[in-house]
J.: 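Sharing a structure with you now.
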Amino acid sequence: MKSLRARLLVFVLLAILATALLQAGLAWRAARAEADALFDYQMRQTAQSLRAGLPEGLATGVLPVPPPQQDFDFVLQIWSVDGSLVLRSADRPELPPRAVLGFADVAAHGTTYRVYSVMTGGLVIQVAQDMAVRRRMAGELALRTAAPVLWLAPLLMLAVGWLVRSSLAPVARVRQQLAARSADDLAPVAEQDLPDELQPLVHEFNALLKRLGLAFEAQQRFVADAAHELRSPLAALKLQVQGLRRAPDGETRDRALQRLDGGIDRATRLIEQLLVLARQQARQAEGAPPVALDLVALARQGVSEAVADAQMRSQDLGLSGLDAAQVRGHADALRLLLRNLVENAIKYTPDGGRIDVSVSADAATGGAILAVEDSGPGIPEAERGHVLDRFVRLPDAPSTGSGLGLAIAQAVAQLHGTALRLDASPTLGGLRVRLSLPAA
């Protein structure tokens, strides 16, 4: 059964039926115990009354049962000590000529008798009863006891069915809300008036819709940005190819080939950065959990990868103020952030300048701060809030950039639940970019 409603109904109704049957069984046992105690008491009282009323010199014979007492269920017998039957009740089967004083169960005539025996004055008085009588009476008592439960069971089943249907009504309501939506409707499902068991499911579903919305938005932005930004490089490549075709001599052709090669490199770099930005935005939408990592080791690795580029421009790229720091984050994303920040600093710092990468403790949060600062021209304070957007470049920026380096770094920062902080470097005079990360 895949239906939750059918499963609940079947199991609850089976539980009700089993409870009714158990109630009947327990009632039968209780009635049987009460009947046994009652009849044993009556047998003992009957034997005692016969014991007190037997005459002296009793002769052998049959003890008649009066007509009004033909429903008398006891069998009465009196034996002498030598095993001779002295008296017995009329119209009753004769029991075996053996007796155990007190109560005993005796099999005779295809059934079982409950026998009570007592000795008095050289005689043995026996009072017996067929156990079938007790079972019949116990069954009648049990039926009368369990009858109300058996009668109420169908009504209880109907009530349970209505309760299950009404309890699962919110599930049907949520299903109807989702069925009525269009494919692009990612609005959250209403969580009001939902049972406690259903609210966490709807809450997580809404969180999934939010992540999907962010992923779709990032995809749409990527497609729009790619279409917009690739138009100019591709147009430039086309012009360079045309210039190559019209080149009158080998020297002009070589220059055209160099420009074409540079244009291809710039277009390739732009495409790579667009893909990286889309990947980071998609990772942010996925909500992947961060892990513990060593920020100092990550900073050392990032600097070592960029040393060759800095040396080509005679720049001093190094590490400073390294404090041991275990933070929570995404290692690949943070490596990408550091590479973009260092490449951006190398690009804008003049030849022979200085670039420092540092890791320090964050006293405010207990985490760590990753900082990249340079001795370049920096960014005016009025422009610092805009350079983190995509394709934003300063008017005096080098012509080789695409305006995506800081945007990719900002996307990584947002993945970690924070943002980049841009200000002037107090020691080098250029730009300082800082990122605060939580402690592991």
Side-chain angles (χ1 to χ4, degrees), residues 219-280 302-318 335-355 372 374-380 383 386-411 428-431 433:
Q219 183 183 24
Q220 292 173 354
R221 286 201 306 266
F222 170 74
V223 172
D225 293 340
H228 179 269
E229 292 300 321
L230 288 176
R231 187 180 296 114
S232 297
L234 292 178
L237 289 177
K238 186 175 181 179
L239 292 175
Q240 290 162 1
V241 170
Q242 293 175 355
L244 179 62
R245 289 175 178 173
R246 294 193 298 266
D249 51 35
E251 183 179 356
T252 305
R253 186 177 296 107
D254 290 340
R255 288 197 301 270
L257 283 174
Q258 291 178 358
R259 289 196 297 269
L260 179 61
D261 186 60
I264 292 175
D265 290 340
R266 287 192 295 273
T268 302
R269 175 62 176 168
L270 174 61
I271 293 174
E272 289 177 351
Q273 287 188 313
L274 283 172
L275 292 176
V276 168
L277 179 60
R279 189 179 303 116
Q280 292 306 313
V303 169
S304 64
E305 293 175 354
V307 166
D309 293 336
Q311 289 177 347
M312 292 177 60
R313 301 188 58 181
S314 301
Q315 294 171 341
D316 180 14
L317 171 62
R335 277 192 289 268
L336 175 64
L337 175 142
L338 184 59
R339 183 169 70 244
N340 278 272
L341 293 181
V342 172
E343 289 178 356
N344 200 63
I346 292 175
K347 182 190 303 182
Y348 287 95
T349 300
D351 294 351
R354 177 180 169 185
I355 302 169
V372 178
D374 58 62
S375 60
I379 298 177
E383 301 292 336
H386 303 290
V387 295
L388 298 178
D389 297 331
R390 298 184 301 275
F391 309 113
V392 174
R393 301 173 63 235
L394 297 178
D396 55 349
S399 60
T400 58
S402 59
L404 286 176
L406 289 178
I408 293 174
Q410 177 71 348
L428 304 182
L431 178 67
V433 183

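Residues: numbered from 1 along the sequence shown. As a basis for the values below, the full set of heavy atoms in this structure was taken, side chains included, without hydrogen atoms, waters or symmetry mates.
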J.: Name all residues meeting the side chain to side chain contact (heavy atoms under 4.5 Å, CB included) criterion together with Thr252; count only those two or more places apart in sequence or in a different chain, and write none if there are none.
T.: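 For Thr252 the side chain to side chain contact (heavy atoms under 4.5 Å, CB included) partners, ignoring immediate neighbours, are Ala247, Pro248, Asp249, Arg255.
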
J.: Locate the shortest heavy-atom distance separating Pro350 from Gly376; write the atom from each residue and the value.
T.: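 Residues Pro350 and Gly376, closest heavy atoms: CD-CA, 3.8 Å.
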
J.: Write down the atom of Thr349, the atom of Gln315, and the distance for their closest heavy-atom approach.
T.: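 That closest heavy-atom pairing would be O-NE2, 2.7 Å.
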
J.: Which heavy atom of Leu406 sits nearest a heavy atom of Val387, and at what distance?
T.: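 Answer, listing the atom of Leu406 first, then Val387: CB-O, 3.6 Å.
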
J.: If you look only at pairs with a residue in residues 235-248, which of them pass as a salt bridge (Lys or Arg N to Asp or Glu O under 4.0 Å), with sequence neighbours excluded?
T.: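 Sorted pair list comes back empty.
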
J.: Hey, what do you get for CG (Asp309) to CG (Leu317), rounding to the nearest 0.5 Å?
T.: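 Separation between the atoms: 9.5 Å.
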
J.: Kindly write out the residues that satisfy side chain to side chain contact (heavy atoms under 4.5 Å, CB included) with Arg354, not counting sequence neighbours, or none if the list is empty.
T.: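 Arg354 satisfies side chain to side chain contact (heavy atoms under 4.5 Å, CB included) with Asp316, Asp356, Ser375, Leu428 only.
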
J.: Just wondering, are more than 12 heavy atoms of other shown residues or ligands nearer than 6.0 Å to CD in Glu251?
T.: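 No, not enclosed.
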
J.: If you look at every heavy atom in Asp374 and Ala345, which pair is closest and at what distance?
T.: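 In terms of heavy atoms, the two residues are closest at OD2-CB, 3.7 Å.
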
J.: Can you tell me how far the CG atom of Leu388 sits from the CD atom of Glu383, to the nearest 0.5 Å?
T.: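 Output value for this atom pair is 11.5 Å.
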
J.: Checking Asp351 now: which residues fulfil side chain to side chain contact (heavy atoms under 4.5 Å, CB included) with it, not counting sequence neighbours?
T.: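 In terms of side chain to side chain contact (heavy atoms under 4.5 Å, CB included), with neighbours along the sequence ignored, Asp351 is linked to Arg313.
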
J.: Excluding sequence neighbours, so at least two apart, what forms side chain to side chain donor-acceptor pair (under 3.5 Å) with Arg259?
T.: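 Applying side chain to side chain donor-acceptor pair (under 3.5 Å) to Arg259 gives none.
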
J.: Is Ile346 close to Asn344 at the side-chain level, that is, under 4.5 Å between some pair of heavy atoms?
T.: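 Asn344 vs Ile346: side chains apart.
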
J.: Check Leu336 against Asn340 and note the closest heavy-atom contact, atom names and distance.
T.: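 Answer, listing the atom of Leu336 first, then Asn340: O-ND2, 2.8 Å.
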
